[in-house]
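Have a look at the structure below before the remarks.
Quick note on labels: first sequence line is chain A, next is B, and so on, each numbered from 1.
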Protein chains: 2
Amino acid sequence: MDDKYRVPAIERAHLILKEISQHPGKLKLIDLSRTLAINKSSMYSLLLTLENLGWVEKETGETYRLGRELSRLGHAAFQRSNLNETFHKEASLAKLRLGESFQLAKLDGREVLYIAKEEALTPVRLASEPGMRLPAHATALGKVMLADLSNDDIDALYPADQEPFSHLTVNSMTTVQALKLSLEQIREQGYALDLEEAVIGFSCAAAPIRNAQGQVIAAVSCSMMLPQWEQKKQSCIEEVCKLAHQLSD
Amino acid sequence: MDDKYRVPAIERAHLILKEISQHPGKLKLIDLSRTLAINKSSMYSLLLTLENLGWVEKETGETYRLGRELSRLGHAAFQRSNLNETFHKEASLAKLRLGESFQLAKLDGREVLYIAKEEALTPVRLASEPGMRLPAHATALGKVMLADLSNDDIDALYPADQEPFSHLTVNSMTTVQALKLSLEQIREQGYALDLEEAVIGFSCAAAPIRNAQGQVIAAVSCSMMLPQWEQKKQSCIEEVCKLAHQLSD
DNA sequence: AAACTTGGTTTTGTATATAAAACCATTTTT
DNA sequence: AAAAATGGTTTTATATACAAAACCAAGTTT
């Protein structure tokens with residue numbers, strides 16, 4: 001690193017925050033000073049500043065924990081990527097064309113983490129708020145992202161001795177075998193469907209978003225109620241694939 | 001503020017992060033330098049340091065957005081208090097008894113900041129991911145915490161000349177008058193309800209968590225879909241009040 | 001209760017982060 | 001294509017953040 005243009009005060013702030021995050025509510029000024037080898041008086045100014053900014057909070061007993069301003073910034077950092085922006089831009093257009101809702105999500109272990117959505121003005125909507133999680137194996141979004149993993153990865157993710165799949169509806173898959181079979185098909189066709197596997201009355205199509213290296217980094221889906229699904233299934237798949245392609249690098 | 005023990009470099013870092021969070025991917029070095037009235041060369045060092053720490057990320061086109069280390073720290077900022085630990089311990093029991101989801105939140109200005117949750121395995125769940133914010137006046141959690149404030153505090157928080165309340169659903173309150181009236185009742189009964197005020201199809205009960213001085217420092221809530229609400233309303237209120245009492249000092 | 005810890009607060013001299021200006025590589029204008 | 005502007009990088013002088021030590025208030029020890 002360019003040793004010349006560092007600003008140590010910020011680097012120290014970072015060290016302090018990291019240390020506090022590892023022992024929340026345990027460390028006093030003197031502890032931080034000792035473990036980080038920063039002089040008491042310097043630590044005093046640093047902590048006072050961090051406290052004024054709301055990055056740390058002092059408790060009774062003079063011990064420190066991370067503060068709310070930090071969680072505010074952290075939350076903003078979560079909703080950052082330009083993936084998000086382009087999703088909203090393109091999905092709003094797709095929403096106009098199709099009249100249904102679109103979702104953006106990432107895979108987090110065995111769960112789908114919803115990042116953003118563009119919601120159509122349909123009377124009944126699926127509650128896919130950003131931040132929500134659902135089991136990956138029971139959603140189109142989840143399956144299309146799992147399909148990027150190898151069979152070995154899937155085995156590692158779903159060990160045989162683990163509890164069986166939670167089934168959200170009667171249509172949810174219940175075994176790893178069924179999942180692998182399904183993923184095989186998804187790899188071939190390039191998209192995934194969820195036919196009332198997560199919520200009765202709702203179906204869904206999802207397609208993968210890839211980075212420049214071809215790895216799946218996220219996925220988009222379009223969800224709708226069953227009556228609409230019968231009519232729009234084909235165009236739904238098309239829109240989702242098109243959208244996923246636009247969001248890929 | 002004690003003007004003597006500030007460390008400006010950190011305060012500047014804070015300003016920069018805040019500015020970037022408001023215009024992610026839009027601002028270049030020169031823009032930040034201008035709007036924050038910080039010299040180009042200083043900004044250069046500051047940004048270089050922030051980038052090395054993973055607090056910001058530079059994009060092609062030399063524009064900046066918040067980085068992953070910041071979201072990591074921000075996330076850690078939630079899982080902090082021992083309030084949190086006891087919440088998870090007790091709420092998981094309450095969840096088993098009631099079969100519904102519980103939330104822990106703090107009041108931050110006019111917003112409710114969700115801190116933690118214990119989620120029941122219901123197919124459709126409210127998206128109360130830690131870090132999420134909702135207008136306080138439209139949620140049970142928010143109202144029960146606002147109820148700890150005096151009417152004067154409420155007036156200060158919601159100035160007459162400000163924009164009117166954002167209503168999330170048709171049931172959301174729309175005026176300060178209505179809010180004050182509602183708070184009066186909440187103070188008497190000791191808990192707050194949200195009857196589809198935040199999300200259509202969801203209702204919610206919340207009770208306040210107090211410190212040793214009796215001040216409200218946080219709140220817990222239990223949310224569920226309408227059909228369940230009809231059956232469990234009473235036991236929901238009981239569980240929430242019991243939980244809040246356990247979490248109070 | 002006097003002496004000793006412990007841990008937060010002040011003071012002061014010095015090391016260093018920052019502002020200003022010069023610099024340079026690209027891009028835009030004429 | 002020369003001139004001007006834009007925006008990132010370097011240099012240098014100075015303002016200021018930090019380390020060390022002294023200080024003080026509370027809590028322990030003997």
Rounded distance in Å - [atom1] ([X]) to [atom2] ([N]):
| X | N | atom1 | atom2 | answer |
| --- | --- | --- | --- | --- |
| Ile16(B) | dA17(C) | CD1 | P | 15 Å |
| Lys58(A) | dT9(C) | NZ | C1' | 10 Å |
| Arg6(B) | dA17(C) | CZ | C1' | 15 Å |
| Leu27(B) | dG8(D) | CG | P | 11 Å |
| Leu50(B) | dT18(C) | CG | P | 11 Å |
| Lys26(A) | dG7(C) | NZ | P | 16 Å |
| Leu29(A) | dT10(C) | CG | P | 13 Å |
| Leu47(A) | dT9(C) | CG | P | 10 Å |

Residue closer to the 5' end of DNA chain C, Ile38(B) versus Glu62(A) (nearest nucleotide):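 The answer here is Glu62(A).
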First encountered from the 5' end of DNA chain C, between Ser45(B) and Asp31(A):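 Closer to the 5' end of DNA chain C: Asp31(A).
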Sugar-phosphate, base or nothing in reach of Lys28(A), heavy atoms under 4.0 Å: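 Since only primed, P, OP1 and OP2 atoms lie under 4.0 Å of Lys28(A), the category is sugar-phosphate.
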For [N], does OP1 or OP2 lie under 4.0 Å from any side-chain N or O of [X]?
| X | N | result |
| --- | --- | --- |
| Asn39(A) | dC18(D) | no |
| Arg34(B) | dG7(D) | yes |
| Tyr44(A) | dT9(C) | yes |

Nearest listed nucleotide, side chain of [X], among [options]:
| X | options | value |
| --- | --- | --- |
| Pro8(A) | dA17(C), dC18(D), dG7(C) | dA17(C) |
| Arg12(A) | dG7(C), dG8(C), dC18(D) | dC18(D) |
| Val7(A) | dG8(C), dT18(C), dT11(D) | dT18(C) |

Answer yes when [X] and [Y] have at least one side-chain N-carboxylate O distance shorter than 4.0 Å, and no when they do not.
| X | Y | value |
| --- | --- | --- |
| Arg6(A) | Glu11(A) | yes |
| Asp31(B) | Lys26(B) | no |
| Glu118(A) | Lys95(A) | yes |
| Glu57(A) | Arg65(A) | no |

Residue closer to the 5' end of DNA chain D, Lys40(A) versus Ser41(B) (nearest nucleotide):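 Result of the comparison: Ser41(B).
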Sidechain-backbone polar pair: Ser221(B) side chain, Ala206(B) backbone, donor-acceptor under 3.5 Å: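 No, Ser221(B) side chain to Ala206(B) backbone: no donor-acceptor pair under 3.5 Å.
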